[in-house]
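Beneath this line is the structure, given in structure tokens, with notes to follow.
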Amino acid sequence: MEVLEYGNSGASVVLVQPVGEHELSGMEREVDIIRNNTNIDFGLLAFKVSDWNKELSPWKAPAVFGNDDFGDGAVNTLNEILSYCKDRSRRYVIGGYSLAGLFSLWAAYQTDIFSGVAAASPSIWFPGFKEYMEENPIRSSTVYLSLGDKEEKTRNMVMAKVGERIRDAYERLHEFGVNCVLEWNAGNHFKDAEVRTAKGFSWVVNN
């Protein structure tokens with residue numbers, strides 16, 4: 001997996017983000033927005049994912065749009081990411097957009113290495129994830145959730161559950177005592193991904 005570095009590689013705060021090829025053009029803008037919204041020095045490790053549906057899915061699930069089923073490659077992806085997060089003197093925050101946001105949430109249930117999670121417009125409609133959150137304790141203390149205000153207004157019956165599911169997730173995390181916020185952005189799922197992700201990371205590192 002290709003790893004791209006942004007910001008200060010020696011900083012004590014390390015942001016970790018799985019990204020697709022389609023997101024790389026927006027990474028510099030994302031980093032600039034985070035810089036403008038926090039006084040904390042940071043580095044960002046972007047892990048480039050080649051098979052989005054397979055490498056970021058915690059378990060297999062049928063396709064909800066198109067013909068690409070979801071795989072179960074998240075464990076391998078997380079193991080590779082963790083190989084870069086071994087210095088316990090540093091603060092690691094994981095985050096991402098869409099399925100990478102869901103992966104980041106799931107990762108926080110697997111390890112305590114991440115102090116915070118920035119889940120921007122996460123694919124929290126993913127089959128079985130609601131039940132997973134109800135049955136397992138999260139191991140991060142700070143979680144940012146966001147969603148576009150038009151995302152739940154879709155004809156896809158599975159994806160239309162995203163609004164209900166993210167509200168449930170916020171309530172569940174709040175009950176667990178997690179420092180959590182749910183922010184609503186204007187627009188659908190495909191609007192301002194790098195801006196939404198930057199807002200998430202900024203909130204987590206500031207909290």
Roughly how far, to the nearest 0.5 Å, is [atom2] of [Y] from [atom1] of [X]?
X	Y	atom1	atom2	answer
Y109	I138	OH	CD1	4.0 Å
S121	E183	OG	CD	10.0 Å
L4	Q17	CG	CD	11.0 Å
L182	L145	CG	CG	6.0 Å
E30	L24	CD	CG	11.0 Å
K54	L99	NZ	CG	14.0 Å

Side-chain contact test, heavy atoms from C-beta onward, threshold under 4.5 Å: evaluate it for [X] versus [Y] and give yes or no.
X	Y	answer
N185	D192	no
V75	Q110	no
V204	V117	no
S12	D41	no
L45	E5	yes
V181	W203	yes
M27	L44	yes
V13	L15	yes

Can you give me the closest heavy-atom contact between [X] and [Y], atom names plus distance?
X	Y	value
I40	F42	O-CD2, 3.4 Å
S146	P122	O-CD, 3.3 Å
C85	V16	SG-CG2, 4.1 Å
S141	V178	O-CG1, 3.5 Å
L82	F114	CD2-CZ, 4.0 Å
R90	S9	NH2-O, 2.8 Å

Query - F126 and Y132 aromatic centres sub-6.0 Å - result: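 Centroid separation for F126 and Y132: 6.0 Å or greater.
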Donor-acceptor pair, distance only, cut-off 3.5 Å: does the side chain of [X] make one with the backbone of [Y]?
X	Y	value
T38	R35	no
E23	G20	yes
S123	W125	no
E80	M1	yes
N206	N39	no
E55	S50	yes

Report task. Could you walk me through whether K130 and E134 pass the salt bridge (charged side-chain N to carboxylate O under 4.0 Å, His left out) test, one step at a time? Result -> CA-CA 6 Å; K130 177 179 184 290; E134 292 172 349; 2.7 Å; yes
Query raised in the report: Any idea how W106 and F103 line up, ring-wise: parallel (<30°), tilted (30 to 60°), or perpendicular (>60°)?
Result: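 Rings of W106 and F103: tilted, 30 to 60°.
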Same cluster for [X] and [Y] if Ile/Leu/Val/Met/Phe/Trp/Tyr side chains link at under 4.5 Å?
X	Y	value
V195	V31	no
V143	I81	yes
V205	I94	no
Y6	I33	no
I124	Y144	no

Requested in this report: For side-chain contact (heavy atoms from CB on, under 4.5 Å), just list the numbers for F201 and V93, CA-CA rounded to whole Å, side-chain angles, deciding distance to a tenth of an Å, and then say yes or no.
Outcome: CA-CA 8 Å; F201 275 126; V93 174; 3.9 Å; yes
Report task. Output, in order, the C-alpha distance, side-chain angles, deciding distance and verdict of side-chain contact (heavy atoms from CB on, under 4.5 Å) for R167 and E171. Result -> CA-CA 6 Å; R167 293 181 185 92; E171 294 297 332; 5.7 Å; no
Query raised in the report: Would R196 and Y97 count as having a side-chain donor-acceptor pair, cut-off 3.5 Å?
Result: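 Yes, Y97 and R196 have a side-chain donor paired with an acceptor closer than 3.5 Å.
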Query - Donor on one side chain, acceptor on other, S115 and R91, under 3.5 Å - result: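 On atom types as modelled, these side chains qualify, holding a pair under 3.5 Å.
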Query raised in the report: Stepwise, does the side-chain contact (heavy atoms from CB on, under 4.5 Å) test hold for F47 with T77?
Result: CA-CA 9 Å; F47 292 82; T77 301; over 6 Å; no
Query - Audit row: L56, L102, side-chain contact (heavy atoms from CB on, under 4.5 Å) steps and yes/no - result: CA-CA 8 Å; L56 297 179; L102 178 87; over 6 Å; no
Query - D112/R88 under salt bridge (charged side-chain N to carboxylate O under 4.0 Å, His left out): CA gap, chis, key distance, verdict - result: CA-CA 11 Å; D112 64 358; R88 286 278 181 167; 3.2 Å; yes
Query raised in the report: With a cut-off of 6.0 Å (strictly less than), are more than 12 heavy atoms of other residues, nucleotides or ligands near CG of N36?
Result: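 Counting neighbours around CG of N36, more than 12 heavy atoms of other residues, nucleotides or ligands fall under 6.0 Å, so yes.
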Report task. Give the intermediate values and the outcome of ring-ring contact (aromatic ring centres under 6.0 Å, His included) for residues Y92 and Y84. Result -> CA-CA 10 Å; Y92 297 97; Y84 288 80; over 10 Å; no
